[in-house]
Amino acid sequence: MTIENLVEWLQVNENVVNFEENAEADKQQAYNLTNEERELLAKLLYHEARGESIECQKAVASVVLNRVDSGIWGNTLSEVIYAKNQFEPVGKGLLPNTKPLRNQYEAIDYVIENGATIPSNVLYFRADHYFEWGTDYMNI
């Protein structure tokens, strides 16, 4: 092998290695939650949407994470979830003893990996049988 061939081979292989490293770096998660934050969100999701479809649960999780990104109710997941008068299960003290189901974790993990399933300006969800306010973005 000549020096020119070796240099060419190294350049080709270096590009392959760099491409693989860059591709791996691009596979970052949309949200980085600690295990404690994931568990807290799962507990909230259990109370807010456990009887709903997985798509609805993804949307609810997305709303909560959109709220974190907005900074209106706080800058951390905990601040947003525990913000005054925002989530009924929190006000009723239901989260500490909650045991989420697999569906809640699946919905959260999907959103963590892929990002919100709704636009970032959607900051509320509601059940029609409780409230008749606001303009719908979507019904699930």
query = In Å, rounded to the nearest 0.5 Å, how long is the span from CD of Glu106 to CG of Leu45?
reply = 11.5 Å

Reported NZ-to-CD distance for the pair Lys99 and Gln104, which is rounded to 0.5 angstrom = 13.5 Å

ask   = Do Tyr82 and Leu40 touch side chain to side chain, with heavy atoms closer than 4.5 Å?
value = yes

ask   = For the hydrophobic clusters of this structure (ILVMFWY residues joined by side-chain heavy atoms under 4.5 Å, transitively), does one cluster hold both Leu41 and Ile118?
value = yes

inquiry  = Could you see if Phe87 belongs to whatever hydrophobic cluster contains Leu95? Use Ile, Leu, Val, Met, Phe, Trp, Tyr and a side-chain cutoff under 4.5 Å.
reply    = yes

Per-pair distances, 0.1 Å, donor-acceptor, side chain in residues 58-67, under 3.5 Å, sequence neighbours excluded:
from	atom 1	to	atom 2	distance (Å)
Lys58	NZ	Glu55	OE2	3.1
Ser62	OG	Lys58	O	2.8
Ser62	OG	Thr117	N	2.9
Ser62	OG	Thr117	OG1	3.3
Asn66	ND2	Pro119	O	2.9
Asn66	ND2	Val122	O	3.0
Arg67	NE	Leu123	O	2.7
Arg67	NH1	Gln86	OE1	2.8
Arg67	NH2	Gln86	OE1	3.4
Arg67	NH2	Leu123	O	3.1

inquiry  = Quick one, Asp109 and Arg38 - any side-chain contact, counting heavy atoms below 4.5 Å?
reply    = yes

request  = Answer yes or no: is there a side-chain heavy-atom contact under 4.5 Å between Glu39 and Pro100?
outcome  = yes

request  = Establish whether Ile54 and Tyr110 are linked, either directly or via other cluster members, by ILVMFWY side-chain heavy-atom contacts under 4.5 Å.
outcome  = no

key: Among Val68, Thr76, Val90, side-chain contact (heavy atoms from CB on, under 4.5 Å) partner for Ile81   = Val90

query = Do we see a donor-acceptor contact under 3.5 Å between the side chains of Tyr105 and Gln57?
reply = no

message = One pair to check against side-chain contact (heavy atoms from CB on, under 4.5 Å): Tyr31 and Asp69. What are the steps and the verdict?
response = CA-CA 10 Å; Tyr31 296 98; Asp69 289 343; 3.6 Å; yes

query = What are the two closest heavy atoms between Glu37 and Asn32, and how far apart are they?
reply = OE1-O, 4.0 Å

task = Using the test side chain to side chain contact (heavy atoms under 4.5 Å, CB included), find all partners of Lys84 that sit at least two apart in sequence or belong to another chain.
result = none

inquiry  = Looking at Asn75, is its backbone amide N or carbonyl O close enough to the side chain of Glu79 to form a donor-acceptor pair, meaning the two atoms are under 3.5 Å apart?
reply    = yes

